[in-house]
Number of protein chains: 2
Amino acid sequence: MAKSRNTEQKIFDAATELFLEKGVDRTSVREIASKAGINLALMNYYFRSKENLFDAIFSQLVKQNSAELIRILDSDLELTEKIHQYVNVYIDMLSENPLLVSFVMAIIHRSRERITEMKAISNLYATDQFTRQLIEEAKKGNIRPTDPTHFFVDMLSLIAFPFAIKMLVMDKNNISEKEFQLFIQERKKHVPELLIDSLRPR
Amino acid sequence: MAKSRNTEQKIFDAATELFLEKGVDRTSVREIASKAGINLALMNYYFRSKENLFDAIFSQLVKQNSAELIRILDSDLELTEKIHQYVNVYIDMLSENPLLVSFVMAIIHRSRERITEMKAISNLYATDQFTRQLIEEAKKGNIRPTDPTHFFVDMLSLIAFPFAIKMLVMDKNNISEKEFQLFIQERKKHVPELLIDSLRPR
DNA sequence: ATTTCGTTTTAAACGCTGTTTAAAACGATT
DNA sequence: AATCGTTTTAAACAGCGTTTAAAACGAAAT
């Protein structure tokens, strides 16, 4: 048997499912092959390595999700509305996509070697319009002068880090998965408030 | 030759150095044994596993560092002063201890199975006094009513996450290691300001 | 001084991992 | 029906963390 053109897709799908379920490191290539119903070596035939397979899955996932975030950052929305939308969409994204969260964590974990992949998820490289806005609004006196780098790092931190320490928050507050999701939902209001508040002229 | 009671210490030291240098995952047990000048199997004789060795190094590191943070949280310091001190000490700690940062990231990465180790670093379990303070100050009208959980998660996020995306920040702003350290130093002022500002009654 | 006994060290192997190899099977083209 | 590039296969590779069983050792007991 040969030329079943969906072999590549079968590997891709099986790996995606297993990576989500057990994490990248704890998923073996033999397991992926078994789940996909293919020979072990085919994984290396289609993707050159397991790392490469991970990248393929990851960048597809990012492409699906980051477009909207960049669109928001680049838009003409008023500053506070833009912050609201960005935070809301980003939190929803991470909240609905556990695979994305664990992939982001895996990449951050070996961040020294994986800057390229990090760029894609960070939107840090689409902040020109946003930065301009921060500076101009400050010039007009609508907000207090604000360092754009710190502000953007703050925003990313407040959005993403809680997902990283999810298990910790659940354990400490003795809450369930569902209740954690509620906690995250609260942050869609809380984080923009905090950020916008810090911009208010004194 | 036998009974050289410092064999355990030699393994511990060699592993610490290598873990810092190349990360836990990319350091093999054979490499540790070679650097320590001991037989491969001795690593499993003294520590039961590589994971165990990691834990031993990690918890020693945490013990050295977290005591002061807990002391600050439990102190009678005035709220704003407490926030200042906590943020400053924590940022200094992470900034002077790259090993701690990469260990924290390694543990967060496999957070599902490692809650115990996470507890140790989070200080999330020493927040009783701090929580009480937030509630009482709000009752007195000195600060606006604030959810303690969100506030503490905010604080941790703003302190820790920037270290996780260090490479990203450096690449995006085209800055050196030294300049990143400066950026971090700025946050010792910026983060407390942001947090305390959010407590101001409206 | 020799035997005994628990501790420490050793070399070799185990089962697992990701990856490579070389040959086989296959389908379309000639 | 033969050819040729693509796809699939079984088997092996080198590396990993870990285990095994025997050896080497030092101190205590005879």
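Quick note on labels: first sequence line is chain A, next is B, and so on, each numbered from 1. As a basis for the values below, the full set of heavy atoms in this structure was taken, side chains included, without hydrogen atoms, waters or symmetry mates.
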Check: B:S34 side chain, B:R30 main-chain N or O, donor-acceptor pair, under 3.5 Å: no
Over how many whole Å does the gap from [X] atom [atom1] to [N] atom [atom2] extend?
X: A:I38; N: C:dT19; atom1: CD1; atom2: C1'; answer: 14 Å
X: A:E31; N: C:dT17; atom1: CD; atom2: P; answer: 8 Å
X: A:F54; N: C:dT19; atom1: CZ; atom2: P; answer: 14 Å
X: B:L42; N: C:dT10; atom1: CG; atom2: C1'; answer: 8 Å
X: A:F47; N: C:dT19; atom1: CZ; atom2: P; answer: 13 Å
X: B:R26; N: C:dT17; atom1: CZ; atom2: P; answer: 19 Å
X: B:N6; N: C:dT8; atom1: CG; atom2: C1'; answer: 13 Å
X: A:I11; N: C:dT19; atom1: CD1; atom2: P; answer: 13 Å

Could you check whether the rings of A:F163 and A:F180 sit parallel, tilted or perpendicular, using 30° and 60° as the cut-offs? perpendicular
Would you sort out whether B:K139 and B:E136 count as a salt bridge (Lys or Arg N to Asp or Glu O under 4.0 Å), showing the intermediate values? CA-CA 5 Å; B:K139 204 174 281 174; B:E136 285 198 9; over 6 Å; no
Could I get a table of every N or O pair under 3.5 Å where one atom is in the protein and the other is in nucleotides 18-23 of chain D?
from   : atom 1 : to    : atom 2 : distance (Å)
D:dT18 : OP2    : B:K50 : N      : 2.7

Which is it for A:T80 and A:E78 under the side-chain hydrogen bond (donor to acceptor under 3.5 Å, both in side chains) test, yes or no, and what are the steps along the way? CA-CA 6 Å; A:T80 62; A:E78 190 241 327; 3.0 Å; yes
Residue-phosphate contact under 4.0 Å: A:T7 side-chain N/O, D:dT7 OP1/OP2: no
Sequence neighbours left out, what passes side chain to side chain contact (heavy atoms under 4.5 Å, CB included) with B:A15? Give chain and number order. B:F19, B:I32, B:L53, B:I57
Would you please indicate if the ring centroids of A:F103 and A:F54 are separated by under 6.0 Å? yes
